[in-house]
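Per chain, numbering begins at 1; letters A, B, ... match sequence-line order.
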There are 2 protein chains.
Amino acid sequence: MYSSELIKGTLKTIVLKLLSDSDKMYGYEITQKVKELTGGKIQLTEGALYPTLHAMEAQGILTTDVVNVGNRIRKYYSVTDTGKKVAKEKVNEYSDFIDTMIFLLDLKPKMG
Amino acid sequence: MYSSELIKGTLKTIVLKLLSDSDKMYGYEITQKVKELTGGKIQLTEGALYPTLHAMEAQGILTTDVVNVGNRIRKYYSVTDTGKKVAKEKVNEYSDFIDTMIFLLDLKPKMG
DNA sequence: TTTATATACCTAATTTTCTTATGTATATAA
DNA sequence: TTATATACATAAGAAAATTAGGTATATAAA
């Protein structure tokens, strides 16, 4: 787990990236996917995630689809057309930011 | 200029890196150096910088040396031995974090 | 000459964003 | 029957920044 201050400001970008690459995902699923993909290094907290999802829905970036699974509720989120633009902008901006930080901190990034 | 949320959480790391690579720097100088190195993409605000410098001094990470230049005051900051450790840890942690974000967002970092 | 910009420090109120804590409820494994 | 996992949500508080304001000197431009 990274110190919490590092993760600040990356939540929306991460969520939009994951949702852009899949048809739809629900909140809990997003937390688990991020945990899995980062080997537990990033664990989104529900207290941060849910309000952010609600805000992005209110902004027209996401739409929801509530589904009953057994007796439990699942609220699926999908990226709207507007949201897809926002997602690309966010990811591109973060990519540029990372390049700037790599230069500023004189880092050697690993290649894939 | 990046959207302000991205820069959140990186201030201490940036300041410690710059101070580690130079003998001493004063607050205003740090803002100008960061602006110069990033082509204006990152501009530290004094309202964030000065309280952070004071906090790091109180924590024993930095020491100060006040100098008169003409009739103006300059407060030079240097990294202590403890601070050098903290600086390395911060930069290493951020480096690791960037690798994780590159993987998570599926980015292609530029090489130096 | 006076006005704007740059240098150089600082703090306080507010806002943004997150953590922590709490709540509801079902399903399942120990 | 008790703990853990699933699945949603909100609210109080903390952390970290922005915005706005203050003091003061130096210099370039109008």
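Residue H54(B) places at least one side-chain N or O under 4.0 Å from the OP1 or OP2 atom of dT11(C). Side-chain N/O atoms of K8(B) include none lying less than 4.0 angstrom from OP1 or OP2 on dA15(D). Between dC9(C) and Y28(B), no contact under 4.0 Å exists linking OP1 or OP2 to a side-chain N or O. OP1 or OP2 of dA9(D) has not a single side-chain nitrogen or oxygen of Y50(A) nearer than 4.0 Å. Taking 4.0 angstrom as the limit, T45(A) places none of its side-chain polar atoms (N or O) nearer than this to OP1 or OP2 of dC18(C). In terms of phosphate contacts, R74(A) brings a side-chain nitrogen or oxygen within less than 4.0 Å of OP1 or OP2 of dA7(D). OP1 or OP2 of dA26(D) lies within a sub-4.0 Å distance of a side-chain N or O belonging to N71(B). For Y26(B) and dA8(C), the shortest distance from a side-chain N or O to OP1 or OP2 is below 4.0 Å.
Here the C1' atom of nucleotide dA8(C) and the CG atom of L49(B) are 12 Å apart, to the nearest Å. With rounding to whole Å, L6(B) atom CG is found 13 Å from dA17(D) atom P. Atom CG of N68(A) and atom P of dA27(C) are 11 Å apart (whole Å). The nearest whole Å value for the distance from the CG atom in L53(B) to the C1' atom in dC10(C) is 12 Å. Computed from coordinates, the Y2(B) OH to dT16(C) P distance equals 23 Å when rounded to whole Å. For the pair I73(B) CD1 and dA24(D) P, the interatomic distance rounds to 11 Å; values are reported in whole Å. Taking atom CG of residue L44(B) and atom P of nucleotide dT19(D), one finds them 14 Å apart after rounding to whole Å. Atom-to-atom, CE of M25(B) to C1' of dC9(C) comes out at 16 Å; the value is rounded to the nearest Å.
Using modelled atom types, one finds no donor on one side chain facing an acceptor on the other under 3.5 Å when comparing D23(B) with Y76(B).
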If a pair means Watson-Crick or G-U wobble with both distances below 3.5 Å, what does DNA chain C look like in dot-bracket form, with | marking bases paired to a different strand?
||||||||||||||||||||||||||||||

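Looking at every heavy atom in both residues, L16(B) comes nearest to V79(B) through O-CG2, 4.5 Å. When every heavy atom of D96(A) is checked against every heavy atom of Y2(B), the shortest pair comes out as OD1-OH, 2.6 Å.
Applying the side-chain contact (heavy atoms from CB on, under 4.5 Å) test between K12(A) and each of T52(A), V86(A), L53(A) identifies T52(A) as the sole match.
For Y77(A), counting side-chain heavy atoms from C-beta on, the closest listed nucleotide (dT11(C), dA9(D), dC8(D)) is dA9(D). Residue R72(A) has its side chain nearest to dT6(D) when only dC10(C), dA26(D), dT6(D) are considered.
The residue among V69(A) and G9(B) whose nearest nucleotide of DNA chain D lies closer to the 5′ end is V69(A). When the nearest nucleotides of DNA chain C are assigned to A48(B) and Q32(B) by heavy-atom distance, the more 5′-ward of the two goes with Q32(B). Both P51(A) and Q43(B) sit near DNA chain D, but only P51(A) has its closest nucleotide nearer the 5' end. Taking the nucleotide of DNA chain C with the nearest heavy atom to each of G70(A) and L11(A), the more 5' of the two is matched to L11(A).
In this structure, Q32(B) contributes its side chain and E29(B) its backbone to no donor-acceptor pair below 3.5 Å. Of the possible polar contacts, one joining the T80(B) side chain to the I61(B) backbone as a donor-acceptor pair under 3.5 Å is found.
Side-chain contact between I98(B) and L105(A) is absent, with no heavy atoms from C-beta onward closer than 4.5 Å.
Ionic pairing of D81(B) and K85(B) is not present here: no N-O contact between side-chain nitrogen and carboxylate oxygen is shorter than 4.0 angstrom.
Among the heavy atoms of the strands, none lies under 4.0 Å from E29(A).
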